[in-house]
Amino acid sequence: EELLQGADEACLSELECARVAQLFDQLDSDGNGVLEYTEFLAAMTCHRSKMSRKACMAAFRSFDLDGSGSISAEEIRQIFARDGGSSQSVEQVLKRCDINGDGEICFEEFMVMLRESFNGPSSTSVTATVGGA
């Protein structure tokens with residue numbers, strides 16, 4: 001809401017305001033209408049035009065609280081509790097990102113989620129790669 005108000009005050013066109021709203025929706029990965037720090041961090045470190053694997057790994061590690069190499073539902077709950085997200089949001093994130101259905105988000109699944117956040121759903125063979133992990 002604040003973002004759209006700022007876009008309106010900046011005299012952006014309707015098309016530009018729609019793009020701002022679309023971008024916000026993509027960045028708001030848990031869909032709660034608030035852009036939390038962790039969502040902002042992931043977006044900024046993995047921006048499409050500068051998407052380096054090293055920067056994305058650093059963002060991934062900030063979510064992988066126990067250093068296990070994957071992000072568990074409990075880690076997502078801890079992050080959301082810290083940032084004010086709901087437990088329903090945890091299930092939404094897992095449903096969206098856990099491609100192989102093991103209940104955790106590995107780095108490759110994290111990368112798919114980031115790419116889709118900026119580029120939209122992809123029909124690449126990444127799913128097959130993650131599915132075999």
Side-chain angles (χ1 to χ4, degrees):
E1 187 176 301
E2 293 171 5
L3 188 61
L4 290 176
Q5 182 181 355
D8 188 48
E9 290 172 5
C11 299
L12 297 180
S13 70
E14 263 186 61
L15 181 62
E16 290 168 321
C17 285
R19 178 64 182 129
V20 167
Q22 180 185 24
L23 180 60
F24 180 84
D25 289 343
Q26 290 173 343
L27 297 177
D28 182 22
S29 63
D30 62 6
N32 71 350
V34 176
L35 189 62
E36 282 96 11
Y37 172 72
T38 50
E39 292 167 324
F40 178 78
L41 175 67
M44 293 301 102
T45 58
C46 297
H47 187 272
R48 157 178 54 143
S49 65
K50 296 181 181 177
M51 192 171 196
S52 80
R53 193 166 179 87
K54 186 175 180 180
C56 292
M57 180 55 84
F60 177 80
R61 286 184 180 139
S62 73
F63 292 98
D64 180 16
L65 302 176
D66 66 3
S68 66
S70 63
I71 303 168
S72 68
E74 181 55 35
E75 288 169 318
I76 297 169
R77 277 187 197 85
Q78 289 176 26
I79 291 165
F80 282 177
R82 182 184 68 207
D83 291 344
S86 70
S87 59
Q88 182 181 9
S89 299
V90 172
E91 300 309 317
Q92 291 173 345
V93 168
L94 279 175
K95 183 177 179 181
R96 177 177 172 210
C97 301
D98 182 20
I99 296 169
N100 66 7
D102 67 354
E104 298 186 334
I105 301 168
C106 68
F107 180 67
E108 292 305 320
E109 290 168 324
F110 184 77
M111 291 289 289
V112 169
M113 181 270 303
L114 292 175
R115 285 185 192 112
E116 288 181 355
S117 291
F118 291 104
N119 300 325
S122 173
S123 60
T124 64
S125 61
V126 177
T127 301
T129 303
V130 173

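None of these values were measured; they are calculated from a predicted model. Only heavy atoms go into these numbers, but all of them, side chains included; no hydrogens, no water, no symmetry mates.
- Side-chain contact between Phe80 and Val93 is present, with heavy atoms from C-beta onward closer than 4.5 Å.
- Contacts of Glu75 classified as side chain to side chain contact (heavy atoms under 4.5 Å, CB included), with partners at least two apart in sequence or in another chain: Asp64, Leu65, Asp66, Ile71, Ser72.
- The distance from atom CD of Glu108 to atom SG of Cys56, rounded to the nearest 0.5 Å, is 10.5 Å.
- Taking the six-membered ring where tryptophan is involved, the planes of Phe110 and Phe63 are tilted, since the angle between them lies from 30° to 60°.
- Note that CG of Asn32 is 9.0 Å distant from CD of Gln92, once rounded to the nearest 0.5 Å.
- Salt bridge status for Arg77 with Glu91: present, with a side-chain N to carboxylate O gap under 4.0 Å.
- Atom CD1 of residue Ile99 and atom CG of residue Leu94 lie 12.0 Å apart, to the nearest 0.5 angstrom.
- Rounded to the nearest 0.5 Å, atoms CG (Asp98) and CE (Met113) are 12.5 Å apart.
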